[in-house]
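See structure below.
Below, read A as the first sequence line, B as the second, and so on, with proteins coming before strands; counting in each chain starts at 1. Atoms considered below: every heavy atom in the structure, side chains included; atoms not considered: hydrogens, waters and symmetry mates.
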There are 2 protein chains.
Amino acid sequence: MVRTGSASVAAGPTLAVVAREAGVSVPTASKVVNGREDVAPETRRRVTEALDRLGYVRRPRFDGARPPRLVDLVVHSLEDSASGAVLHGAEEAAHDAGLEIVVSAALTRSRSERPERDWLDRLVLRGSAGILFHRAEPSGPQYTWLEQHRVPFALIDPVRQPPPGVVSVGGANWQGGVTATEHLLALGHERIAVIAGRRSTMSCGARVAGYRSALASAGVRHRPEYLRHADPNGAGARRRMRELLDLPEPPTAVFVCSDRMVSGVYEALAERGSRVPDDMSVVGFDDLPEARWLTPALTTVRQPLSEMAATALHLLLRMTDGPRPESIRTELSTRLVERSSTAAPPGA
Amino acid sequence: MVRTGSASVAAGPTLAVVAREAGVSVPTASKVVNGREDVAPETRRRVTEALDRLGYVRRPRFDGARPPRLVDLVVHSLEDSASGAVLHGAEEAAHDAGLEIVVSAALTRSRSERPERDWLDRLVLRGSAGILFHRAEPSGPQYTWLEQHRVPFALIDPVRQPPPGVVSVGGANWQGGVTATEHLLALGHERIAVIAGRRSTMSCGARVAGYRSALASAGVRHRPEYLRHADPNGAGARRRMRELLDLPEPPTAVFVCSDRMVSGVYEALAERGSRVPDDMSVVGFDDLPEARWLTPALTTVRQPLSEMAATALHLLLRMTDGPRPESIRTELSTRLVERSSTAAPPGA
DNA sequence: CTGAAAGCGCTTACAG
DNA sequence: CTGAAAGCGCTTACAG
C-alpha cells in the first residue's frame, strides 16, 4: 500500500512516488510519461514498469487537457417515477458529450435540513459544468448565487413559472390538453371533466387551458363543476373523482392532469362499480411507467421526458460556451398514446 | 461569460491576471472562484466582474486537497424500474456521508461501443471514491484494473456469482423463495409452479432453491414440468405461463421469480379467462413499483433495494479507509408483502 | 477580511 | 542521458 497522505485512495500515486519506486528523479519519470525521446531504454523500462505496477494516472495539465466534466441533475424526488426517464435522457446525452451526471435530491432536502450553501459550494468546488433541475426550482437566493458564480442551469418541466431569463424545457402542455380533449370529443363525449393538480403548477394550468380551448372549439359548454383541483397524488384524485360521480349529471369522461393521479381515479370508479372504459373514459398525461401497468392500460398524452432532459443538457452546454440561448422556453411536442381506457360514451 | 477552454484555443487568463485586474491578491481571487465565504461583498463583486470581463476559465485542480468526493453508481439500465430504488438508497446514504453520486450506464454501453478504459481512466482522473455496480458486473480485465488501481467497488444484487473476494450485497433470495412458497402452501396450494429467469442468474437460482426446500419441507412432491426458465421479461414469462396452462394437470399457483415478468403472466392468464387469484394465485419477487400498479395488486417478496444500495455504499466507504470488510457477501432480509394476487386454490 | 508565504504535482530549460 | 533548479497556476494555513 503506497500512499502519500490522506488524499483520496482512488486518486492514485503521484509521479514522485512512481519515480522513487523506479529509482529515478521526478523529471525523468515525467519524460517517460510524456513519451519524450531522451530517456535510456532501460530507464524507460523501469519507469514504465513502476507506472504500471502502481497504476499511475496522469493528472490533468494546466493548459490543455481537462478532467471529465460533470453536470448536476437535481430532482425533487428520486422516488418519482418520472425521474427514471429524466435521468435516462440526461445520462445518454451527457455520455455522448463526454460528460458525466451527478444526481442529487439535495436541493429539496436542504430546504429544511441543512444550509443550501453547503451543497452549492461543493458544486462549484468540483467545477460543475452546470445544473439541470427537474421539477425542483432554486430558491430566490439560490438564483442569485448561481448567476453570481456563473453556473449555467436549466429547468426541466418546472413546477412554477420561472423568473424571466431562466432557461427551461417542458412539454407542449397546452397542446397536450387540446389533444386529450379532442380525443374524447371525437369519441362522442360531451360531458368531459378535468381533474387538475394544484392551481399553482404551471404545466397543469396550461393543460387545463388546452382542455378549455378544445371544448370551446367544439362548441361544447364548459361546466365549472367539471373542473376539480386535487393534491397531485392518488388520494387527492380519488376524492375528486368521487365528487364528480356524485354530481347530478356526472361526466362520461375525465381528463386527469397527470398519470400520477390516475390510480386514485380508478379506485373511486371501482368503488362505484363504474367500469373503464365502458362507463367512464379516462385520459392521463405524462405517460409515466404506471400508465402501462394500470388495468385497463391508460390512454395518455405522452410527454417526452428523456428528450426533454437531453435538450436541457444541450442548452446547458451551449450556455457554457457562449451567451444564453435565444429561446428561453423550449417546448417539446406531446402526443396521444392510445391504450384501453377510452371508448365511446355509454349508450352512444 | 465563462468559456470552457477547449484545448485548441489559447489558454485563457490566469487567476493572477484576474486578480491584478480586480486589484486583489491571487489567494483572494481564488477564494471568490471557489465560492468561499470569507470575502467582503464589495471585493467579491470586483473579482466576479473581472472574472467575467476577462473570461476566466477554471483550471483543473491537481494538488492533494480534494474537492467533494464522488461515488460512482453503474447501473445496467436506467430504464429498469429497480434503478429508482437503488439510486434513491445510494443517494441518501451518500448524502449523509458527505458524498455525491455519479450515475452511469457506461459500463454496459462500453462493452460494445467504446474502449472501457476510457471510462475507467476518467473515473480515476476525477478521483472516484469507489464504484457501486447494480446488476452490472465488470469484465475480467476490468476487475484486474480496478484491483490494480485500488478503486474500491461493491456489487448490488449481482446477476452472476462474483469472483472470490469481491464484496456484494443482495437480498436473502433463498429465504425469500421459501417465504413465497410457504405462503402458497399455507393457502392450501400443492400444485405450485415456478417461472424462473435465466438459469445463469444467481438470485434466481437461490429463489428456486428456496421454493424446492419449502416444497420438500411440506412433503409436497416437486414436479419437474412445473419449473420453467424464461427470458426475464413479460414476453418470456407469457410464453411459459401458456405452457403451464397447457399441462394435463396445470398448477393452481405460480411463483414468478421477478415482478418484472408478472405482466406477461397476467396476460397469459387473461387470454385463457383464468382469473387471479380465484383460478390462479400469483406471487412475485422484488416488490418493484409495478407490483402496486398491476390489477390485482401483486403479492410479492420484497427485496429492500434502497437499503441494499445504502449498505453497499457503507461497505465501500469502509474499504476506502482500510482493508476489505470481513463479510464478502451481505444479504438483507426479504419479506412477504401480501396484496391481492393470492387466495386459496379453486374448490378449496 | 486580506494577502505573504509555503506548498502541491508537474514541466521545462539547462548544466553536467 | 540525467536530474537539480526554477517555474507554472493554483490552494491552503495562518498572521495580521
Side-chain angles (χ1 to χ4, degrees), chain A residues 2-48 50-51 54-67 117 121-127 149, chain B residues 2-5 7 9-48 50-51 54-69 121 124-127:
Chain A
V2 192
R3 198 112 320 287
T4 33
S6 60
S8 155
V9 169
T14 63
L15 239 206
V17 172
V18 173
R20 190 180 336 119
E21 185 76 10
V24 298
S25 69
V26 173
T28 300
S30 172
K31 284 173 191 168
V32 173
V33 165
N34 290 302
R36 291 299 186 83
E37 289 298 336
D38 53 348
V39 180
E42 165 57 14
T43 307
R44 181 186 303 278
R45 201 197 52 70
R46 283 216 317 283
V47 173
T48 306
L51 246 17
L54 302 181
Y56 175 76
V57 182
R58 285 184 79 136
R59 275 155 184 77
R61 313 239 238 98
F62 318 126
D63 42 347
R66 296 165 296 150
R117 282 302 297 267
D121 280 347
R122 294 158 46 131
L123 196 139
V124 171
L125 242 180
R126 64 170 149 73
H149 286 75
Chain B
V2 186
R3 285 182 316 131
T4 50
V9 296
T14 63
L15 239 205
V17 171
V18 173
R20 189 181 338 121
E21 184 76 12
V24 298
S25 69
V26 172
T28 299
S30 170
K31 285 174 192 168
V32 172
V33 165
N34 289 302
R36 290 300 184 87
E37 288 293 348
D38 54 347
V39 179
E42 165 57 14
T43 307
R44 181 185 301 278
R45 200 195 52 69
R46 283 214 317 283
V47 173
T48 305
L51 246 17
L54 302 180
Y56 175 75
V57 184
R58 236 170 180 291
R59 277 154 186 79
R61 317 173 39 125
F62 52 88
D63 56 9
R66 301 159 307 158
R69 301 184 53 218
D121 279 344
V124 171
L125 244 179
R126 65 170 149 72

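- Under the side-chain contact (heavy atoms from CB on, under 4.5 Å) criterion, B/S30 pairs with B/L15, B/N34, not counting sequence neighbours.
- A/R46 pairs by the salt bridge (Lys or Arg N to Asp or Glu O under 4.0 Å) definition with A/E42, not counting sequence neighbours.
- Between atom OG1 of residue B/T28 and atom CZ of residue B/R44 there is a gap of 11.0 Å, rounded to the nearest 0.5 Å.
- In this structure, B/R45 atom CZ and C/dC1 atom P are separated by 16 Å, rounded to whole Å.
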Measure all distances between protein nitrogen or oxygen atoms and nitrogen or oxygen atoms of nucleotides 2-4 of chain C, and list the pairs falling under 3.5 Å.
| residue | atom | partner | partner atom | Å |
| --- | --- | --- | --- | --- |
| C/dT2 | OP1 | B/T43 | OG1 | 2.4 |
| C/dT2 | OP2 | B/A40 | N | 3.1 |
| C/dG3 | OP2 | B/S25 | N | 3.3 |
| C/dG3 | OP2 | B/T28 | OG1 | 3.1 |
| C/dG3 | O6 | B/K31 | NZ | 2.9 |

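- The B/L15 side chain lies nearest to D/dC10 when the options are C/dC1, C/dT11, D/dC10.
- Between C/dG3 and C/dG7, the two C1' atoms lie 16 Å apart (nearest whole Å).
- Paired regions of DNA chain C, where each region holds three or more successive Watson-Crick or G-U pairs whose two hydrogen-bonding distances fall under 3.5 Å, are C:1-3 with D:14-16, C:5-12 with D:5-12, C:14-16 with D:1-3.
- Taking each heavy atom of A/A19 and A/A29 in turn, the nearest pair found is CB-CB, 4.0 Å.
- Summarising the geometry of B/V47 relative to B/V18, their closest heavy-atom pair is O-CG1, 4.4 Å, with the distance given to 0.1 Å.
- Residues meeting the side-chain contact (heavy atoms from CB on, under 4.5 Å) test with B/A16, sequence neighbours left out: B/T14, B/V26.
- Contact of the A/R20 side chain with the A/V17 side chain is registered, since non-hydrogen atoms from C-beta on lie closer than 4.5 Å.
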